[in-house]
*Asks:* 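What follows is a structure written as structure tokens; I'll ask about it next.
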Amino acid sequence: MTECVQCGADVTLHDDAEVGEIVDCTTCGAELEVVERNPPVLDRAPELEEDWGE
Amino acid sequence: MTECVQCGADVTLHDDAEVGEIVDCTTCGAELEVVERNPPVLDRAPELEEDWGE
Amino acid sequence: MTHDYTKSELEAAHEELIDNDLGDDGLRTDGGAVGGDEQSPPVVVKIGGARAVDPEGALSDVAHLVANGEDVVVVHGGSTAVDDTLEQMGEEPEYVETPGGVVGRFTDEKTMEVFEMVLPGKLNTDLVAALQNEGVNAVGLSGADGKLLTGPRKSAVKVLEDGRKKIKRGDHSGKIEAVNDDLLSTLLAGRYVPVVTVPMLAEESRGEGTATEYTPVNADADRAAAAIAGALGGELVVLTDVAGVYEDPDDPDSLVESVGTPAELDAAKDAAEGFMTKKVMAAVEALDGGAASVTVADANNRDPITAARTGHG
Amino acid sequence: MTHDYTKSELEAAHEELIDNDLGDDGLRTDGGAVGGDEQSPPVVVKIGGARAVDPEGALSDVAHLVANGEDVVVVHGGSTAVDDTLEQMGEEPEYVETPGGVVGRFTDEKTMEVFEMVLPGKLNTDLVAALQNEGVNAVGLSGADGKLLTGPRKSAVKVLEDGRKKIKRGDHSGKIEAVNDDLLSTLLAGRYVPVVTVPMLAEESRGEGTATEYTPVNADADRAAAAIAGALGGELVVLTDVAGVYEDPDDPDSLVESVGTPAELDAAKDAAEGFMTKKVMAAVEALDGGAASVTVADANNRDPITAARTGHG
Ligand SMILES: [Zn+2]
Ligand SMILES: [Zn+2]
């Protein structure tokens with residue numbers, strides 16, 4: 001259980017959440033990145049364009 | 001048994017001569033290349049510099 | 001040089017492509033006159049990757065253009081050849097899918113090494129030699145040379161893995177935002193034909209008050225061609241390997257000859273969309289950036305470039 | 001540009017090298033003033049292959065020269081890296097010995113592919129990026145670009161195999177006989193620093209009345225540097241990886257610190273001769289071809305190029 005960095009609401013991480021996974025805050029919809037699992041630490045997921053190389 | 005292309009003298013090829021091998025004419029000293037083994041065909045060996053790449 | 005594409009913009013361009021029956025016509029979009037000098041704008045020709053060295057029609061057509069006194073820049077990719085070489089070295093090419101459903105290469109450090117070996121290495125050298133054999137005074141360049149293609153590093157990508165959204169870091173990839181057109185003009189003025197490929201040089205800052213560090217990274221070759229055409233105000237001609245629409249772009253036997261059922265139509269549209277979306281994006285970017293015109297044409301035509309430019313694609 | 005070296009010429013040059021204690025001085029030979037214009041001749045710096053991307057002292061020294069307004073051309077090889085990559089691909093590097101006892105690489109078709117991947121591919125791209133990070137506006141080129149390095153193909157070599165002299169054909173090798181100095185001058189005038197490597201473009205005629213065909217083939221990078229210095233009338237500075245004389249040039253632990261027995265002396269002389277003979281040949285060729293001077297110096301010195309040119313090698 002941890003807080004959304006955007007709106008402060010509670011965010012529950014499911015048991016098999018992985019580091020690097022993105023979870024959406026069900027309250028404000030922000031994309032959050034799992035930085036650590038135990039204890040759970042979330043950060044804003046980076047805004048990324050869908051650019052690809054060759 | 002075959003002839004030197006340079007001076008015409010007889011040149012004997014040993015049994016295990018290989019195609020591409022160079023033999024020296026014992027009469028005139030020319031470098032000859034074994035083009036074929038049976039029947040033996042000789043040609044002048046190319047003049048080659050000792051240049052190497054990288 | 002960034003451009004946000006709305007879905008309707010892409011769909012509209014896509015529809016035009018399909019209606020135009022790509023095999024006969026090219027998509028031709030004129031961006032209006034660029035510059036005001038008497039010289040015609042340079043022609044920037046994008047050649048497909050896998051067949052970069054083999055498109056004989058295209059190479060002799062480049063020779064015709066040059067013989068007619070036109071300035072030409074050739075741009076090429078080579079993704080398939082990178083995969084082949086990775087496999088020869090016992091490595092698996094890595095592809096990932098975005099949450100939006102776009103599939104693309106993830107370029108880790110080892111892949112980046114092979115990328116440098118294949119694109120500026122083997123393909124570019126062989127293409128330069130092939131052009132020289134056509135009498136074209138080709139000079140090969142990558143985005144690193146003279147900082148020809150630069151922009152920010154994109155080392156994190158959002159991917160869909162086992163149904164979950166994740167951030168994958170460590171991608172050796174970047175987005176082209178600037179072109180050193182001076183290098184190209186210098187060579188063109190010297191009567192040389194630049195033959196350009198990726199990688200680009202990505203700029204990364206190591207923190208406050210530290211200098212920018214440059215790293216060669218993967219970038220899309222179609223976007224490189226678009227950026228170059230934009231910077232030079234040139235006519236962009238994109239030669240595609242596909243004679244029509246392939247259900248699977250990597251499978252020549254999957255050419256969709258005709259579409260019967262609604263399901264087939266959807267599959268064909270998806271394939272075309274996936275394949276062409278990048279090219280459409282590149283076309284729009286080119287015009288946005290200053291290109292005089294963009295034409296997409298079939299590489300298999302005889303004299304494909306000339307045909308495309310005169311509308312006989 | 002060919003020069004026949006007599007054994008006594010080579011021995012004399014070799015003795016001078018050994019006496020000069022290469023670690024401190026360089027072999028410095030002045031060919032006399034070249035040209036008559038006010039600009040100083042360009043500096044052509046040859047960097048060793050295996051450490052092409054790592055010689056930090058050399059790279060920042062190049063930056064100093066460029067900052068001082070000098071025209072600089074960098075040339076590099078990379079034989080060891082080619083061997084490493086061949087082995088990664090499950091291939092064995094092939095070396096042969098001439099009847100004269102000279103050991104060299106036999107470059108078959110597969111090796112030539114890898115050669116293109118490694119030299120103009122990986123090493124050249126990384127070296128250009130490293131120089132850009134030193135503020136040097138490097139542009140990478142191979143002998144194929146603009147037909148920079150051309151000459152006849154040498155596809156047959158005389159080898160000693162199992163004690164027999166044989167002709168081995170199919171060598172993808174050539175001899176540099178011409179340099180497109182216009183391409184280098186064009187880039188230098190545009191304030192770029194050319195970074196050149198092999199392959200060269202070999203000219204082969206397919207018979208009477210047919211056009212010349214160009215093929216990228218292996219050529220020695222030291223000879224390439226010599227040819228370029230000759231064509232530009234430049235000062236050639238050859239940086240060697242070896243701090244002294246190694247019994248086995250590929251084994252850093254075999255540095256011959258001192259020579260005690262006559263047998264050790266012979267071994268050291270043989271090693272030095274084998275290793276340095278090619279460099280001495282290249283030096284003589286450079287002067288023959290028009291280079292202003294030739295200096296061979298230790299790559300491990302701080303500011304090795306500047307030190308060599310001012311005689312503080
Ligand atoms: Zn929230
Ligand atoms: Zn005879």
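Quick note on labels: first sequence line is chain A, next is B, and so on, each numbered from 1.
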*Asks:* Using every non-hydrogen atom in the two residues, find where Glu54(B) and Gly77(D) come nearest and quote the distance to one decimal.
*Replies:* OE2-CA, 3.5 Å

*Asks:* Side chain of Glu33(B), backbone of Ile167(D): donor and acceptor closer than 3.5 Å?
*Replies:*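 Pair absent, no side-chain N/O of Glu33(B) close to backbone of Ile167(D).
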
*Asks:* Examine whether an atom of Ala219(D) lies under 4.5 Å from a heavy atom of chain B, and if so say whether it belongs to the side chain, the backbone or both; otherwise answer neither.
*Replies:*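 The backbone, not the side chain.
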
*Asks:* Looking only at heavy atoms and a cut-off of under 4.5 Å, which of Leu119(D), Asp220(D), Asp222(D) has the most pairs with chain B?
*Replies:*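 Most heavy-atom pairs within the cutoff with chain B belong to Asp220(D).
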
*Asks:* Let me have the donor-acceptor pairs involving side chains of residues 38-45 of chain B, under 3.5 Å, with sequence neighbours excluded, atom names and distances please.
*Replies:*
{"unit_1": "Arg44(B)", "atom_1": "NE", "unit_2": "Gln6(B)", "atom_2": "OE1", "d": "2.9"}
{"unit_1": "Arg44(B)", "atom_1": "NH2", "unit_2": "Gln6(B)", "atom_2": "OE1", "d": "3.0"}

*Asks:* State, with a plain yes or no, whether a side-chain heavy atom of Lys154(D) is found less than 4.5 Å away from one of Leu48(B).
*Replies:* no

*Asks:* Can you see which heavy atom on Gly53(B) is nearest to which on Ser173(D), and at what distance?
*Replies:* N-OG, 3.9 Å

*Asks:* Side chain, backbone, both or neither: which part of Val102(D) has a non-hydrogen atom closer than 4.5 Å to chain B?
*Replies:* both

*Asks:* With a 4.0 Å cut-off, would you call Lys166(D) and Glu18(B) a salt bridge?
*Replies:*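 Here Lys166(D) pairs with Glu18(B) in a salt bridge, since their nearest N and O are under 4.0 Å apart.
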
*Asks:* Inspect the contact between Glu47(B) and Lys158(D) and indicate whether a charged nitrogen and a carboxylate oxygen are less than 4.0 angstrom apart.
*Replies:*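 Looking at Glu47(B) together with Lys158(D), the answer is no, because their closest N to O distance does not fall below 4.0 Å.
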
*Asks:* Using the salt bridge (charged side-chain N to carboxylate O under 4.0 Å, His left out) criterion, which residues pair with Asp16(B)? Sequence neighbours excluded.
*Replies:*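 Here the qualifying residues are Arg164(D).
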
*Asks:* Are Lys165(D) and Glu31(B) within salt-bridge range, i.e. N to O under 4.0 Å?
*Replies:*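 Yes, this pair counts.
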
